[in-house]
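Comments concern the structure below.
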Protein chains: 2
Amino acid sequence: MDAREAVTLRDVARAAGVHPGTASRALNDATRSLVRPETVERVVRAANALGYRPNHLARSFKTRRTRSVGVVIPDINNPLFPPIVLGVEDRLANEGYVTLLANTQNDPVKRVRIFEEMVERHVDGLIVATARREDPDLVGLLEQGVPIVLVNRVVEDRSFSSVSVDDAAGIRAVVEHLVELGHERIGHVAGPQSMSTGYARCEGYLASMQAAGRSVHPSLISSAEGFTIAEGESCAAELVSQPNPPTAIIAANDMLALGCYTALHAAGLRCPEDVSVVGFNDMPFIDRLSPPLTTVRIPHYEIGAQAAELLVDQMRHPDEPLKVLLLVPSLVVRGSTARAPVAVGVG
Amino acid sequence: MDAREAVTLRDVARAAGVHPGTASRALNDATRSLVRPETVERVVRAANALGYRPNHLARSFKTRRTRSVGVVIPDINNPLFPPIVLGVEDRLANEGYVTLLANTQNDPVKRVRIFEEMVERHVDGLIVATARREDPDLVGLLEQGVPIVLVNRVVEDRSFSSVSVDDAAGIRAVVEHLVELGHERIGHVAGPQSMSTGYARCEGYLASMQAAGRSVHPSLISSAEGFTIAEGESCAAELVSQPNPPTAIIAANDMLALGCYTALHAAGLRCPEDVSVVGFNDMPFIDRLSPPLTTVRIPHYEIGAQAAELLVDQMRHPDEPLKVLLLVPSLVVRGSTARAPVAVGVG
DNA sequence: CTGAAAGCGCTTACAG
DNA sequence: CTGAAAGCGCTTACAG
């Protein structure tokens, strides 16, 4: 796909009566100052006249920079990601970078393939939303010198730049809200513990419960294998089917919370009358469910935009220290926690 | 981002004791048969031993093919697109193509920029979900020889390959359903008439209403400027605020239907008790609203996968005739049309 | 300030 | 079946 019979730099140079090297210098921002203004003028005029479009491929090949960055997300069907990606794209586009979006669909094999592909395509950097707490693949890329910014999830004990959210603080607000409503038995559908989000939110739940003077019986926690609706459903089903079920369930994210809704419905329980449910992320459309979901809002677009900014910084100044950005989430109370539990005779 | 101190083809050739040209032939599927098996063996062994990774940039530069295709969607926040993109990606990945996803956010200027960017990045082809009925930009690309497959929306009077859905048939099923429920005044929140989806669905509505013996008063139709929730809301507000409001509203897609919900709520009307609402697309999560939305199901993933297939065909065999694929949608009845209208005294 | 030249890492006619 | 060579379209030290 070239513009018909591509006009090359050599053509421009000939038309302007200069050497191709000079034409190149005149046309590039970084080197334009090396060329006499009148010459620049002549070259630019010739380029416009001929409709010259530089061949990106040739340039990238020569400079080893593609002005493209890879964005790797775990699940394209999770509405959490589009607004984040939008933030990334907008910021990156401003800086002249193009975005290569890839989706692992939570498949580790696919993920490896995508990373290889990205490196082979010579992306200038990577924004990764699929980090695991231990992540040799990512560490490997980092050690190869690939600029990387993590988004949402982080890798432990390693210096990656990242933009994420204070998970524990978010959960603390949730627990406090539920306690205030008078809930005694507050359950948790935990996310995968191999991911920082799953882990930190679970830890936050435990700590906040303790701080609120609630002991946490193991039967109050069920761990999901993935952040999916199906997992949320089976975990919630487990929680509510036991003898002393919780009156509120904190799901580690909104997808799991959706699964909780399904499980409650299947069990003939109403939300919020019988069981309250809370999610995390405030993903698009989650406020339009029935009932609207109480959840923890995180600034999706901003997360993406900040991550892009960090990455651009890092690509331009590879030796600057890495930056870890922790954004503050906020509780959004909606119908799914609309009423206090009916006082039941326990203790 | 190269593998450290990149191993080049020349290194492989030297290690295998052959000429770089031979190494190249041995390593490429298309030319391998030209090389003696033992030589291939030696080259492959050397390549593996050295951890050779071909430089994509050099190859693309030389061959003028990038094995990448651009996918252009109008709105990344519309959950309709992820499953389509997933279908595209899966199929394309199988064929060794990488997907460049770009999002116009319904901005014509951004769209032009994206097309230019794609051409400059030398994508081998384009899958476009942002077609307009009249679309000089796309026609221009087509005439430049860029392989293009349209998805969901089509361009009129031009030969583009496309994968879309029989919009009129979908709407017909909706109208018949509503008529059967006893609705007399069936309104339409039409989509933008500059897009084939908006136009064909509106035409389908008119034709089906007429076929059902319903005359269509202009006050029953309100046209949205875009397929957005906000537009759906204002159009629906207009429809229900008039003296003789419809008892059912057919929205041209699910996003508009979401806006209808908002408008009904704001007007103190219940769905479906006071007004039934129907959407189009059966986008993810739309079944979890309150009430669950009756809508027209289209095979999202399949649309994407088929489009990818058509594009691959077209890239491989540029001279074969274009193909237009029309998929058949199906009505999904849910709560938003759960009950017939209360018989009101009209005519 | 500009020209001449080399070279990025491949592929592919062209010989042999 | 394989080698030698040219060349894709740029950029960038190196001279001058």
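As the structure is a computational prediction, the values presented were derived from the model and not from experiment. We name chains A, B, ... by the order of the sequence lines, and we start the count at 1 in each one. Values below: every heavy atom of this structure, side chains too, minus hydrogens, waters and symmetry copies.
- Atoms CG (A:L50) and P (D:dG9) sit 15 Å apart, rounded to a whole Å.
- In this structure, C:dA15 and D:dT2 make a Watson-Crick or G-U wobble pair, each of the two defining distances being under 3.5 angstrom.
- Remark: P of C:dT11 and CZ of B:R10 are 13 Å apart, rounded to the nearest angstrom.
- At whole-Å resolution of the value, CG in B:D11 and P in C:dC8 are 11 Å apart.
- The two residues A:P79 and A:P82 come nearest to each other via the heavy atoms O-CD, 3.3 Å.
- Going from atom OH of A:Y52 over to atom C1' of D:dT11 covers 11 Å, rounded to whole Å.
- Remark: ring of A:F61 stacked against base of C:dC8; centroid gap under 5.5 Å, plane tilt under 30°.
- For the OP1/OP2 pair of C:dA4 and a distance below 4.0 Å, the side-chain nitrogens and oxygens of A:H19 include at least one atom meeting the criterion.
- Using a 4.0 Å cut-off between a side-chain N of Lys or Arg and a carboxylate O of Asp or Glu, A:D90 and B:K110 qualify as a salt bridge.
- Comparing B:G17 and A:K62 by the nucleotide of DNA chain D whose heavy atom lies nearest to each, the residue mapping closer to the 5' end is B:G17.
- Listed by residue number, the members of residues 21-39 of chain A with any heavy atom below 4.0 angstrom from DNA chain D are A:G21, A:S24, A:R25, A:N28.
- Rounded to a whole Å, the CG atom of A:L57 is 15 Å from the P atom of C:dG9.
- Of the candidates C:dG3, C:dG9, D:dT11, the closest approach to any side-chain atom of B:T8 belongs to C:dG9.
- Here the C1' atom of nucleotide D:dT11 and the NE2 atom of A:H56 are 14 Å apart, to the nearest Å.
- Within a 6.0 Å sphere centred on NZ of B:K323, heavy atoms belonging to other residues, nucleotides or ligands number 12 at most.
- Using a 4.5 Å heavy-atom cutoff, the side chains of B:D137 and B:V112 are in contact.
- A salt bridge is absent between A:E38 and A:R42: the closest approach of a Lys/Arg side-chain nitrogen to an acidic carboxylate oxygen does not fall below 4.0 angstrom.
- Listed by first and then second residue, the ring pair (Phe, Tyr, Trp, His ring centres under 6.0 Å) pairs involving residues 299-322 of chain B amount to none (not counting sequence neighbours).
- Remark: the separation of the C1' atoms in D:dG16 and D:dT12 is 16 Å, to the nearest Å.
- Taking only side-chain nitrogens and oxygens, B:R64 comes nearer than 4.0 Å to OP1 or OP2 of D:dG9.
- With respect to A:R111 and A:D135, a salt bridge is recorded, a charged nitrogen being found less than 4.0 Å from a carboxylate O.
- Atom CZ of A:R59 is separated from atom P of C:dG9 by 19 Å (rounded to the nearest Å).
- Distance B:L9 CG to D:dG7 P: 20 Å, rounded to the nearest Å.
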